[in-house]
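Throughout, residue positions are numbered sequentially from 1 according to the sequence presented. Any value given below was found using the heavy atoms of this structure, including those in side chains, with hydrogens, waters and symmetry copies removed.
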Amino acid sequence: MGDGAVPGTTVGPLVNERAYQRLDSLLATSSHETLCQPSSSPLPAPFTPPRVILCGEDTDIPLFHTEIFGPVAPIYFFSDEKEAVRLANSTRYGLQAYIFTRDLAQSWRVSEELEYGMVAVNEGVISTANNPFGGWKESGIGREAGHVGIHEFQEDKLICFGL
């Protein structure tokens, strides 16, 4: 954790103090067990240590209903694939989803059912300059980057001739 411009840094600061305060207040609303959190952060705000929070089946908390822009991974329990997809799609947001599985058919099936603009399968990092970036639902409309990023700057026209 440190300056994002320094090689080897994997976690940098949040974008600003306001984002830090927003994440800090969101985490304060959760009384769930934190599975992975450094005992102290060596750097001041807006640096925040990564956290893994065990939420179980509790979806009636702000962590579940908020688009989190910070190093936080809330973990929820589900009984089967159908319930996992239902839980994932029950939020108003849909920027990015992650699937970890050994079953290739399952990865395609679930990826297609998820209401997210980007789905990473067995991968933690999906954003690159080559990939279109954007979400569904309240996570945004349109894409930036990748081959479709140019569409935001184009005007389409249909010309139909009757011969």
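Remark: Lys82 pairs with no residue by the salt bridge (charged side-chain N to carboxylate O under 4.0 Å, His left out) rule, at least two apart or across chains. Glu81 meets the salt bridge (charged side-chain N to carboxylate O under 4.0 Å, His left out) test with Arg109; sequence neighbours excluded. The salt bridge (charged side-chain N to carboxylate O under 4.0 Å, His left out) test applied to Glu115 returns Lys137, not counting sequence neighbours. Under the side-chain hydrogen bond (donor to acceptor under 3.5 Å, both in side chains) criterion, Ser25 pairs with no residue, sequence neighbours left out. For Asn131, the side-chain hydrogen bond (donor to acceptor under 3.5 Å, both in side chains) partners two or more places apart in sequence, or in a different chain, are Thr128. Under the side-chain hydrogen bond (donor to acceptor under 3.5 Å, both in side chains) criterion, Thr91 pairs with no residue, sequence neighbours left out. Glu138 pairs by the salt bridge (charged side-chain N to carboxylate O under 4.0 Å, His left out) definition with Arg92, not counting sequence neighbours.
Using a 4.5 Å cut-off between side-chain heavy atoms of Ile, Leu, Val, Met, Phe, Trp and Tyr, Tyr116 falls into a hydrophobic cluster with Val85, Ile99, Val110, Leu114, Val119, Val121. Grouping Ile, Leu, Val, Met, Phe, Trp and Tyr residues whose side-chain heavy atoms lie under 4.5 Å apart, directly or via other members, places Tyr20 in a hydrophobic cluster with Leu14, Leu23, Leu26, Leu27, Ile53, Ile61, Leu63, Phe64, Ile68, Val72, Tyr76, Phe78, Leu87.
Between the CD atom of Glu33 and the CD1 atom of Ile75 there is a distance of 12.0 Å, given to the nearest 0.5 Å. Here CE of Met118 is found 12.0 Å from CH2 of Trp136. Values are rounded to the nearest 0.5 Å.
Arg51 is listed as a side-chain neighbour of Thr48, based on a closest heavy-atom distance under 4.5 Å.
Across every non-hydrogen atom of Ser139 and Gly94, the tightest pair is OG-N, 2.9 Å.
Asn122 contributes a side-chain N or O that, together with a main-chain N or O of Thr101, makes up a donor-acceptor pair within less than 3.5 Å.
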Show the atom names and distances, to 0.1 Å, of all donor-acceptor pairs under 3.5 Å that link a side chain in residues 140-150 to residues at least two apart or in another chain.
unit_1	atom_1	unit_2	atom_2	d
Arg143	NH1	Gly135	O	3.2

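Sorted pairs that involve residues 58-70 and meet salt bridge (Lys or Arg N to Asp or Glu O under 4.0 Å), not counting sequence neighbours, are lacking altogether. Residue pairs that meet the side chain to side chain donor-acceptor pair (under 3.5 Å) test with at least one member in residues 152-163, sequence neighbours left out, are His151-Gln154.
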